[in-house]
Amino acid sequence: MIRGIYTSAAGMIAQQRRQQTLSNNLNNLDTPGYKSDRSSLRTFPEQLIERLGGDNEANREVGSLATGVYQDEMNPDFTQGTVTETGKATDVALITSSLPVNPQTGVQEGALLFNVRTTGGDLRYTRNGHFTLSPEGYLTDSSGNQVLSSAGQPIQLPSDDFQVAADGTIQADGNNYGQIGVSYAADTNQLVKEGTGLFRSTTGDLPQGAANAQINYNVNQGFVEGSNVQADQTVTDMMEAYRSFEANQKVLQIIDGTLDKAVNQVGRVN
């Protein structure tokens, strides 16, 4: 009976964490370039239950017992978000055309991201193409991080009157100001969210996407990629998580009531 308490409690904790993940996704419905988080629930290892005592050893085995679930991991979903036209020269959307195919699954894998350098000098990656120009003329993201070229250098422009070609090359006043850096993450599990739309690679610097012949993408000026959160599906998943939490709560209350009777009524000494 005590095992049931732990199993129900584990289910409540798992659904609470799932609800938090879904709520965060919904809160970022209008955040440019936001990638929704996907959480997965797994069961704890099963335990083999045996009966104590008895003369026949072969009949002591009762069976296996599941001990609840837990939230195993949480990974971003890098599917393309909705692209919206803004008409602003500093807004650019990264449109993925093709990526390397996994020969075992036949599925295109990985993700493309813009390169940025934080104010602390660290290399980070983002899908948020809602850029702007700093007072010094540097192309930056909405948090003030410098957008880097394919050569790893900050992009400084004379004004906001510039053109971005489909390959990310920037031109203004007839001069070339470099190519917007786009990196390729073959394994998206190596990317960790750091907030404000930034990702950190856990395996070192990512290679440039333009250097891979199997990768094709377009950089569309005057457009911005929105969040890939699906509001209707997220709300449905939140209701499902709430109902699962409520079911585990009911089980816990029933077990608690049974224990109360066992202690205060059955175990009472008259």
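Excluded from the calculations below are hydrogen atoms, water molecules and symmetry mates; all remaining heavy atoms, backbone and side chain alike, are included. Residue indices begin at 1 and follow the sequence shown.
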Exercise. Could you tell me whether a side-chain N or O of S150 sits under 3.5 Å from a main-chain N or O of I180, the two making a donor and an acceptor?
Key: no

Practice problem: Can you see which heavy atom on P158 is nearest to which on D173, and at what distance? | Solution: CG-OD2, 3.9 Å

Quiz item: What pair of heavy atoms forms the shortest contact from A185 to L113, and how long is it?
Solution: CB-CD1, 4.4 Å

Exercise. State, without any angle test, whether D91 and T86 hold a side-chain donor-acceptor pair at a distance under 3.5 Å.
Key: yes

Practice problem: Compute whether any side-chain donor of one residue and acceptor of the other, for T79 and N228, lie under 3.5 angstrom apart. | Solution: yes

Quiz item: For residues N115 and S183, is any side-chain donor paired with an opposing acceptor at under 3.5 Å?
Solution: yes

Quiz item: What do the steps show when you test D122 against R200 for salt bridge (Lys or Arg N to Asp or Glu O under 4.0 Å), and what is the final call?
Solution: CA-CA 9 Å; D122 299 318; R200 171 176 55 87; over 6 Å; no

Quiz item: Can you name the residues that form a side-chain hydrogen bond (donor to acceptor under 3.5 Å, both in side chains) with D161, not counting sequence neighbours?
Solution: none

Quiz item: For the residue pair Y184 and Y217, is the inter-centroid distance of their aromatic rings smaller than 6.0 Å?
Solution: no

Quiz item: Between the side chains of T169 and D167, does any donor sit under 3.5 Å from an acceptor?
Solution: yes

Quiz item: Can you list the steps and then say if D260 with D256 is a side-chain contact (heavy atoms from CB on, under 4.5 Å)?
Solution: CA-CA 6 Å; D260 178 68; D256 180 66; 5.5 Å; no

Quiz prompt | Closest heavy-atom pair and its distance - N128, S142 | solution = ND2-OG, 3.8 Å

Exercise. Using atom types as modelled and distance alone, determine if a side-chain donor or acceptor of Q221 lies under 3.5 Å from a backbone N or O of I170.
Key: no

Self-check item: Heavy-atom donor-acceptor pair, Q156 side chain to G137 backbone, under 3.5 Å
Solution: no

Exercise. Of all the heavy-atom pairs spanning R38 and P76, show the shortest one and how long it is.
Key: NH2-O, 3.8 Å

Practice problem: Taking all non-hydrogen atoms of both residues into account, name the closest pair between R127 and T96 and its distance. | Solution: NH1-OG1, 3.8 Å

Quiz item: Do Q20 and N24 get their side chains close enough for a donor-acceptor pair, meaning under 3.5 Å?
Solution: no

Quiz prompt | Axial cation check for F131 ring with K88, 6.0 Å and 45° limits | solution = no

Quiz item: Taking atom CD of Q249 as the centre, does the number of heavy atoms from other residues, nucleotides or ligands within less than 6.0 Å exceed 12?
Solution: yes

Please list every donor-acceptor pair under 3.5 Å in which a side-chain atom of residues 238-247 meets a protein atom from a residue at least two apart or in another chain.
residue, atom, partner, partner atom, Å
R243, NH1, E246, OE1, 3.2
S244, OG, E240, O, 3.1

